[in-house]
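Position 1 is the first residue of the sequence, and the numbers go up from there.
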Amino acid sequence: MWFWLSIITLLFWSGSDLFSKIGCRDADDKYSHLKMVMAVGVVMGLHACYEIFANGTVITFPIILTYLPVSLLYIASMAMGYVGLRYIELSISSPICNSSGALVAVITLLTVGSGDYSPLAIGAVALVCMGAIGLGVVDYLEDDTLRAERQKASNYKYSKSLLALAMPVAYCILDAAGTFADNFAIARINRLMLLPADSDIGAGSANVAYELTFLFAAFLCFLYVVVIKRQRLVPRREIPKYTGAIFETIGQFCYIFAISDTQHLAMSAPIISSYCAASVLWGRLFLKEKLSWKHYLMIALVVAGIFIMGIFDL
């Protein structure tokens with residue numbers, strides 16, 4: 001089950017990347033990243049209410065506090081990612097951001113060990129990690145002429161700057177820390193609820209805790225952007241943000257259960273992180289961002305790794 005949950009997460013989070021990029025790229029709106037946080041928080045808050053009142057998901061203040069450090073890491077990483085989308089292309093931002101899965105896989109294998117994994121499984125992890133990281137490297141080293149041609153087709157001009165690249169790098173580090181800490185926090189929630197350490201019930205409560213925390217972050221952004229700075233919310237510009245937020249919420253729901261399977265964390269994390277490959281493709285198809293053969297080579301490594309992981313699990 002972990003494999004299919006990871007694939008669903010990959011598809012919906014890559015869609016969220018696309019719509020978030022569309023919602024954050026307006027150069028004349030310097031608060032677009034905070035408005036994106038607002039959109040995600042509202043949608044996640046609505047989903048949290050559904051889980052609590054319709055599905056009976058247990059949520060208490062101690063559960064929210066237990067999961068709070070992980071929630072803050074994820075929310076901060078996403079905010080950094082949205083800032084990056086204002087200044088650099090999706091095909092650059094997404095691969096850098098999603099190298100976090102590679103970091104998680106390496107940390108997990110180093111701390112837990114590789115004894116439970118066959119050489120084939122470890123090779124699959126390596127392929128996905130190489131592909132995810134390689135996409136970022138290829139984009140960073142891309143020829144300036146090719147970059148100019150791609151930007152010409154997309155009608156958006158970006159300059160390569162360390163500050164702009166620092167945002168997705170910050171996302172990568174914070175998201176990796178959150179992913180690695182996620183399992184420990186969920187295990188603590190299960191103990192708090194007197195459940196087995198690997199119970200999905202605790203994962204559901206953790207997801208609701210995260211969504212409620214995101215809702216509070218959205219409220220703070222609303223106070224700052226709309227009340228204090230008196231910025232207007234233009235429906236035409238908000239629609240892509242809320243579409244991306246819906247995709248993000250569906251992906252998050254599947255993600256929390258995918259990584260709750262601790263036995264496959266070193267494999268599910270790089271699968272999920274490889275959604276940057278799909279994001280690059282969506283950028284090419286819908287944002288007219290051109291790709292080189294090197295991009296496609298890295299994407300092929302990612303797809304091959306995912307295929308091997310699926311066969312290995314079966």
Side-chain angles (χ1 to χ4, degrees), residues 1-2 5-6 8-9 12-13 16 36-81 100-101 104 107-108 111-112 171 173-223 245-266 268-269 272-273:
M1 190 64 178
W2 69 270
L5 288 172
S6 299
I8 294 172
T9 303
F12 275 94
W13 272 359
S16 175
M36 191 67 222
V37 172
M38 289 167 52
V40 175
V42 169
V43 174
M44 285 194 173
L46 290 174
H47 180 258
C49 292
Y50 174 81
E51 288 296 317
I52 294 171
F53 298 110
N55 290 341
T57 300
V58 177
I59 188 70
T60 63
F61 191 65
I63 291 176
I64 294 176
L65 285 181
T66 300
Y67 201 70
L68 183 60
V70 178
S71 297
L72 293 178
L73 285 170
Y74 284 147
I75 294 170
S77 69
M78 290 180 65
M80 293 293 181
S100 60
V104 174
I107 294 172
T108 302
T111 56
V112 178
Y171 175 105
I173 296 173
L174 292 172
D175 188 69
T179 302
F180 188 72
D182 214 320
N183 281 286
F184 300 103
I186 291 175
R188 290 185 61 188
I189 289 174
N190 282 329
R191 289 196 299 269
L192 191 66
M193 300 171 67
L194 303 178
L195 297 168
D198 59 350
S199 174
D200 285 343
I201 297 177
S205 295
N207 188 54
V208 169
Y210 167 66
E211 291 179 330
L212 291 177
T213 305
F214 217 127
L215 177 61
F216 182 70
F219 174 71
L220 294 179
C221 289
F222 177 83
L223 288 179
I246 292 172
F247 275 62
E248 177 67 31
T249 302
I250 296 174
Q252 173 64 26
F253 179 78
C254 296
Y255 161 81
I256 199 73
F257 289 103
I259 68 165
S260 66
D261 186 341
T262 56
Q263 293 183 346
H264 295 96
L265 178 60
S268 62
I272 293 170
S273 74

[X] versus [Y]: any side-chain heavy-atom pair under 4.5 Å?
X	Y	value
L192	P62	yes
Y74	V70	yes
Y210	M44	yes
T60	I63	yes
N207	T57	no
L73	D175	no
V40	M78	yes

Provide the closest heavy-atom pair for [X] versus [Y] in the form atom of the first, atom of the second, distance.
X	Y	result
I64	I59	CG1-CD1, 3.8 Å
A48	V208	CB-CG1, 4.1 Å
S268	A258	OG-O, 4.0 Å
M38	C221	CG-CB, 3.5 Å
N190	G202	OD1-CA, 3.0 Å

Gap between atom [atom2] of [Y] and atom [atom1] of [X] - 0.5 Å precision:
X	Y	atom1	atom2	value
I250	E248	CD1	CD	10.5 Å
W13	I8	CH2	CD1	13.0 Å
H47	T249	NE2	OG1	7.5 Å
I186	R191	CD1	CZ	12.0 Å
S77	L174	OG	CG	6.0 Å
L212	C49	CG	SG	7.0 Å

Are there over 12 heavy-atom neighbours, none belonging to I201, within less than 6.0 Å of that residue's CD1?
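Counting other residues, nucleotides and ligands, CD1 of I201 stays at 12 neighbours or fewer.
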Please check: side-chain N/O of S205 versus main-chain N/O of V58, any donor-acceptor pairing under 3.5 Å?
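Judged by distance alone, yes, a pair lies under 3.5 Å.
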Would you kindly say whether Y67 and D182 are connected by a side-chain donor-acceptor distance under 3.5 Å?
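Judged by distance alone, the side chains do pair up.
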Assign the ring pair F12 / F247 to parallel, tilted or perpendicular, where the plane angle (0 to 90°) is split at 30° and 60°.
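It falls in the tilted class, 30° to 60°.
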Of all residues at least two apart in sequence or in a different chain, which pass the side-chain hydrogen bond (donor to acceptor under 3.5 Å, both in side chains) check with T179?
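Counting only residues at least two positions away or on another chain, T179 forms a side-chain hydrogen bond (donor to acceptor under 3.5 Å, both in side chains) with Y255.
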